[in-house]
Amino acid sequence: LKNLNYSVPEEQGAGTVIGNIGRDARLQPGLPPAERGGGGRSKSGSYRVLENSAPHLLDVDADSGLLYTKQRIDRESLCRHNAKCQLSLEVFANDKEICMIKVEIQDINDNAPSFSSDQIEMDISENAAPGTRFPLTSAHDPDAGENGLRTYLLTRDDHGLFGLDVKSRGDGTKFPELVIQKALDREQQNHHTLVLTALDGGEPPRSATVQINVKVIDSNDNSPVFEAPSYLVELPENAPLGTVVIDLNATDADEGPNGEVLYSFSSYVPDRVRELFSIDPKTGLIRVKGNLDYEENGMLEIDVQARDLGPNPIPAHCKVTVKLIDRNDNAPSIGFVSVRQGALSEAAPPGTVIALVRVTDRDSGKNGQLQCRVLGGGGTGGGGGLGGPGGSVPFKLEENYDNFYTVVTDRPLDRETQDEYNVTIVARDGGSPPLNSTKSFAIKILDHHHHHH
Ligand SMILES: *[C@@H]1O[C@H](CO)[C@@H](O)[C@H](O)[C@H]1NC(C)=O
Ligand SMILES: *[C@@H]1O[C@H](CO)[C@@H](O)[C@H](O)[C@H]1NC(C)=O
Ligand SMILES: *[C@@H]1O[C@H](CO)[C@@H](O)[C@H](O)[C@H]1NC(C)=O
Ligand SMILES: *[C@@H]1O[C@H](CO)[C@@H](O)[C@H](O)[C@H]1NC(C)=O
């Protein structure tokens, strides 16, 4: 088994050669490892793709073993915002070696940030105290990592009335907040124009700007106040619909409509969060509205605003971070990467590989920790007492790497004793209770004398 890692920048033309599998795996049929020369290319080259995560984008030439692009690859349409964008292939080379190939699609700074509009209108009460914050709309940049959105800048106004604070969400995305630095005086100036610039981290950086028109308005109103600026709530994943997340309370000192508080999600709360949670505008009660899946996102942030019904309200903001607790909701998944074709000679020595198996579990921690074995077989895997050399089936599992196992023979075979086996792989995770999966294949044993080399 060979691991080959490659990388290729996005937006390259069709036919771009990414690597030479024959050379890079140093494949030379029949030679023991010590005699394999550097850069050797197999003469009887034959490369069969067993699995390809993106057959429309990548292929391997069956004769030359060259790995190449089939069309231009746009990283953003393939992987959205994911920091890592990786394709994988499994190639069976010269009928003897499996190459696990990973191709990292590198980001280039092909997108500039953008704002959804070129003007933002804001009404701010002249009573807004220094330190009051107003969330601004975020810019969007489809590029990932360094080339994604890096920071925001605000042009300084003449009197230093406004400042900018760039905050990070738990997932690393940034959002800007306008912060009042000094008391606003409507009689002196009732309108301010600011320019917000979003910069990405490319070399050179790309940018976008939006104009902010601030209207200073008259107000004689108290604002609502949350008891705390942020809360942390832990919830089990798959919590039933309607489960209460938190009951927020913002209080307002005013009487009548000026003191009546309305709760809502802040304007920049992502759509996915709105699908998962609901908020009662009157009571501030947040409930679960969709299926919370730890494997999709283990940490969610809900930004809530509270404003009163008086004229020219100043909203208060509060952040609720929901941490999901993983539950053992995924059974292990067993996949046969390759199974020996045809039959196995009874002369096959112990250690002969008959299959390559991949076992995965979407859960994390103990819930995703796997123990695997051949049912009735010997060898490793901690199969709850059923393992140990000399099981009833002459096969065992050997761990290769990263959830890959090979099924190998663990003693000489004898066709006269048994000429066909049903090999069953069992995988069990470490959750409580544990979940398990099984998968089987059949293999025939051939008489040595009828088998020619
Ligand atoms: C290839 O990448 C994988 C992770 O994607 C890593 O585990 C492995 O060590 C790398 N192999 C080599 C030869 O660099
Ligand atoms: C809000 O008030 C209700 C009723 O008094 C209380 O049960 C709840 O715990 C409060 N919420 C917070 C976040 O303190
Ligand atoms: C192999 O054994 C498993 C487990 O005992 C069983 O579920 C499966 O049907 C068998 N397959 C064949 C082909 O006999
Ligand atoms: C698999 O789990 C079931 C219960 O879900 C249990 O009855 C069975 O014994 C387990 N099988 C193995 C091989 O652990």
Side-chain angles (χ1 to χ4, degrees), residues 223-235 238-239 242-254 259-266 269 273 277-288 300-308 315-323 327-336 355 357-363 366-388 391-393 395-397 399 403 405 407 421-441:
S223 308
V225 179
F226 281 105
E227 286 156 17
S230 63
Y231 293 94
L232 178 68
V233 180
E234 293 198 350
L235 275 185
N238 308 333
T243 300
V244 172
V245 178
I246 192 168
D247 180 9
L248 290 173
N249 307 306
T251 48
D252 191 300
D254 288 327
E260 208 173 303
V261 176
L262 270 193
Y263 301 86
S264 62
F265 294 130
S266 300
V269 167
V273 170
F277 300 101
S278 66
I279 185 164
D280 185 312
K282 289 234 161 67
T283 62
L285 194 65
I286 299 181
R287 288 179 187 274
V288 174
L300 295 151
E301 287 183 6
I302 313 173
D303 300 287
V304 177
Q305 74 171 24
R307 56 184 195 83
D308 60 43
H317 294 273
C318 164
K319 180 163 90 174
V320 179
T321 302
V322 179
K323 205 171 141 198
R327 289 178 58 177
N328 195 19
D329 55 342
N330 293 288
S333 139
I334 303 175
F336 292 135
V357 182
R358 172 171 31 204
V359 188
T360 51
D361 192 304
R362 293 184 67 219
D363 291 317
K366 267 191 161 8
N367 294 337
Q369 252 163 38
L370 295 174
Q371 294 197 322
C372 307
R373 65 195 161 91
V374 173
L375 196 64
T380 56
L386 279 167
S392 61
V393 174
F395 304 105
K396 65 174 178 180
L397 269 193
E399 184 154 13
N403 303 324
Y405 296 82
V407 181
Y421 290 94
N422 176 8
V423 183
T424 301
I425 314 293
V426 187
R428 191 179 61 181
D429 66 28
S432 53
L435 297 173
N436 64 51
S437 305
T438 63
K439 207 163 173 178
S440 310
F441 65 90

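In each ligand, atom 1 is the first atom listed, and ligand 1 is the first ligand listed.
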Exercise. Going by heavy atoms in the side chains, are Glu301 and Val273 under 4.5 Å from each other?
Worked result: no

Exercise. Can you find a pair of side-chain heavy atoms, one from Pro332 and one from Arg428, that are under 4.5 Å apart?
Worked result: no

For this session: Compare all side-chain heavy atoms of Asp303 with those of Lys319 and state whether any distance is below 4.5 angstrom.
Result: yes

Solution key, residues 277-284 side-chain donor-acceptor pairs under 3.5 Å, sequence neighbours excluded:
from: Asp280; atom 1: OD1; to: Lys282; atom 2: N; distance (Å): 2.8
from: Asp280; atom 1: OD1; to: Thr283; atom 2: N; distance (Å): 3.2
from: Thr283; atom 1: OG1; to: Leu285; atom 2: N; distance (Å): 3.3

Exercise. Among side-chain atoms of Asp361 and Asn330, is any donor-acceptor pair under 3.5 angstrom?
Worked result: no

Show me the short polar-atom pairs for ligand 2: any N or O of it lying under 3.5 Å from a protein N or O, with distances only.
from: ligand 2; atom 1: 2 (O); to: Asn249; atom 2: OD1; distance (Å): 3.1
from: ligand 2; atom 1: 2 (O); to: Asn249; atom 2: ND2; distance (Å): 2.5
from: ligand 2; atom 1: 11 (N); to: Asp247; atom 2: O; distance (Å): 2.6
from: ligand 2; atom 1: 11 (N); to: Asn249; atom 2: ND2; distance (Å): 2.8
from: ligand 2; atom 1: 14 (O); to: Glu227; atom 2: OE1; distance (Å): 3.1

Exercise. Short list, please: which atoms of ligand 4 are under 4.0 Å from a heavy atom of Val426?
Worked result: 13 (C)

Problem set entry | side chain to side chain contact (heavy atoms under 4.5 Å, CB included) assessment of Thr438 paired with Ile425 | CA-CA 5 Å; Thr438 63; Ile425 314 293; over 6 Å; no

Exercise. Based purely on interatomic distance, does Arg428 place a nitrogen or oxygen under 3.5 Å from a nitrogen or oxygen of ligand 4?
Worked result: no

Exercise. Should the ring pair Tyr421 and Phe395 be called parallel, tilted or perpendicular, given that the plane angle runs from 0 to 90° and is split at 30 and 60?
Worked result: perpendicular

Exercise. So which bit of Arg373 gets within less than 4.0 Å of ligand 4, heavy atoms only: side chain, backbone, both or neither?
Worked result: side chain

